Amino acid sequence: MNTVNEENRKEDMTEEEKNLNPDQTEENPEDNGQEETAETGREPEEVSEGSEQAGEEEAETPEAAGDGEAGEEKAGQEEKEPGKKGFFGRKKEKKDPRDTQIEELTDRLRRNMAEFDNFRKRTEKEKSAMFEIGAKDIIERILPVIDNFERGLNSMPEDAKGSPFAEGMEMIYKQLLKNLEEAGVEPIQAQGQPFDPNFHNAVLHVEDENLGENVVAQELQKGYLYRGSVVRHTMVQVAN
């Protein structure tokens with residue numbers, strides 16, 4: 001019983017203290033908060049300021065990174081544009097030794113190609129000239145055979161011209177002329193033409209009123225051309 005009465009008294013006392021000191025009861029929460037801060041040893045305002053400063057530093061870091069990238073880009077542009085004007089004027093452009101080596105090699109290649117082209121043309125001309133020389137040599141050796149055929153056919157008697165022997169000789173002669181013509185050999189026309197020392201070889205001179213001056217009166221030996229060049233001059237007799 002005593003304990004119950006004492007508890008009732010304590011509750012009555014607490015209610016009376018509350019009624020008597022309402023200001024103190026209201027101020028208690030602040031005191032409690034201060035006590036809590038004193039016990040923990042932390043300052044909430046300073047923590048918030050530190051967090052704000054950290055946030056500002058984090059916000060500034062991307063800008064600094066951007067500035068660094070911009071600096072690298074500027075440096076790259078300066079490297080790419082060595083000819084930009086500097087503080088003391090235009091910078092001297094340094095030529096890459098590899099470019100000079102490339103230019104030397106290309107120049108050497110062009111020279112070699114030009115020399116090879118000239119060599120090819122020169123060899124082709126030499127080959128054609130050698131071929132013509134060899135062909136002319138063979139033609140010169142064949143021409144006496146043709147001359148002998150012409151002499152034999154012209155000196156043949158009249159009664160032997162229709163014989164099989166005469167016909168065989170004439171066929172061989174025509175075949176030789178045809179083969180030479182296909183190879184590019186043609187006779188020089190001299191009878192009745194003006195004398196030309198480039199094609200004619202004058203061995204005799206005759207006076208003839210029926211012919212003009214320096215005209216070929218007679219053809220003594222036929223001359224021939226091979227592809228426009230003289231293989232053998234025509235031996236002629238010139239009038240007047």
Side-chain angles (χ1 to χ4, degrees), residues 101-240:
Q101 188 175 5
I102 290 168
E103 290 177 358
E104 291 177 357
L105 291 173
T106 51
D107 187 21
R108 191 181 300 174
L109 179 62
R110 289 173 183 172
R111 289 176 182 272
N112 290 331
M113 290 177 68
E115 289 178 359
F116 178 75
D117 192 13
N118 294 329
F119 173 75
R120 182 177 58 80
K121 291 178 181 178
R122 186 169 60 252
T123 51
E124 287 178 357
K125 288 181 180 179
E126 290 176 356
K127 285 179 181 179
S128 62
M130 290 174 67
F131 180 78
E132 288 181 0
I133 291 168
K136 284 181 180 180
D137 188 16
I138 294 170
I139 291 165
E140 287 178 356
R141 293 180 182 182
I142 293 172
L143 292 178
V145 178
I146 294 172
D147 295 337
N148 292 328
F149 269 104
E150 290 177 352
R151 293 190 188 98
L153 292 172
N154 291 328
S155 62
M156 189 175 293
E158 292 293 333
D159 55 353
K161 285 185 179 179
S163 64
F165 177 76
E167 290 179 355
M169 291 281 290
E170 190 173 356
M171 289 176 65
I172 295 169
Y173 171 70
K174 289 180 180 179
Q175 187 177 3
L176 279 172
L177 291 178
K178 184 178 180 181
N179 290 329
L180 290 173
E181 185 178 359
E182 290 177 354
V185 179
E186 56 183 357
I188 297 172
Q189 301 296 328
Q191 188 74 32
Q193 300 294 325
F195 175 76
D196 188 356
N198 295 320
F199 301 102
H200 305 145
N201 182 17
V203 294
L204 293 173
H205 182 266
V206 65
E207 295 290 337
D208 192 349
E209 296 178 355
N210 296 324
L211 297 173
E213 188 177 358
N214 291 329
V215 177
V216 176
Q218 186 180 0
E219 185 181 275
L220 302 176
Q221 188 182 22
K222 279 186 178 181
Y224 291 90
L225 297 172
Y226 174 67
R227 294 182 179 180
S229 61
V230 178
V231 178
R232 187 178 72 180
H233 290 78
T234 304
M235 191 180 296
V236 296
Q237 183 182 15
V238 182
N240 304 321

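Just so it is clear, the structure is predicted and the values come from calculations on it, not from any experiment.
Ala202 and Val238 get closest at one heavy-atom pair: CB-CG2, 3.6 Å. Minimum interatomic distance between Tyr224 and Glu150 (heavy atoms only, all atoms of both residues): OH-OE2, 3.9 Å. The two residues Pro194 and His200 have their closest heavy-atom pair at O-CE1, 3.4 Å. Minimum interatomic distance between Ala190 and Val236 (heavy atoms only, all atoms of both residues): CB-CG1, 3.9 Å. Of all heavy-atom pairs between Leu211 and Ala239, the closest is CD1-CB, 3.8 Å. The two residues Ser155 and Gly152 have their closest heavy-atom pair at OG-O, 3.3 Å.
Atom CZ of Phe195 and atom CG of Asn201 lie 7.0 Å apart (nearest 0.5 Å). In this structure, CG on Asn112 lies 12.5 Å from CZ on Arg110, to the nearest 0.5 angstrom. To the nearest 0.5 Å, the span separating CD on Gln221 from CE on Met235 amounts to 4.5 Å. Note that CG of Leu109 is 12.5 Å distant from CZ of Phe116, once rounded to the nearest 0.5 Å. Ile133 CD1 to Glu126 CD: the interatomic distance, rounded to the nearest 0.5 Å, is 10.0 Å. Between Glu124 atom CD and Phe119 atom CZ the span is 10.5 Å, to the nearest 0.5 Å.
The closest side-chain heavy-atom distance from Tyr173 to Met169 is not below 4.5 Å. Side-chain contact check for Leu204 versus Leu220: some heavy-atom pair is nearer than 4.5 Å. Counting only heavy atoms from C-beta outward, the side chains of Ile146 and Leu180 approach each other to under 4.5 Å. Considering only heavy atoms from C-beta on, Phe199 stays 4.5 Å or farther from Thr234 through its side chain.
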* Asked: Can you list the steps and then say if Lys174 with Glu170 is a salt bridge (charged side-chain N to carboxylate O under 4.0 Å, His left out)?
  -> CA-CA 6 Å; Lys174 289 180 180 179; Glu170 190 173 356; 3.5 Å; yes
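At distances below 3.5 Å, at least one donor-acceptor pair connects side-chain atoms of Arg232 with backbone N or O atoms of Lys222. Of the possible donor and acceptor atoms, none in the side chain of Asp107 sits under 3.5 Å from a partner among the backbone N and O of Glu103. Checking side-chain atoms of Asn179 against main-chain N and O of Gln175 turns up a donor-acceptor pair under 3.5 Å.
Looking at Arg120 and Asp117, a side-chain N of the basic residue comes within less than 4.0 Å of a carboxylate O on the acidic one, giving a salt bridge. For Arg108 and Glu104, the salt-bridge test fails: no basic side-chain N is under 4.0 Å from an acidic carboxylate O.
Among residues at least two apart or in separate chains, side-chain hydrogen bond (donor to acceptor under 3.5 Å, both in side chains) pairs with a member in residues 180-197 are Asp196-Asn198.
In this structure, the side chain to side chain contact (heavy atoms under 4.5 Å, CB included) partners of Met156, at least two apart in sequence or on a different chain, are Leu153, Ala160, Lys161, Ala166.
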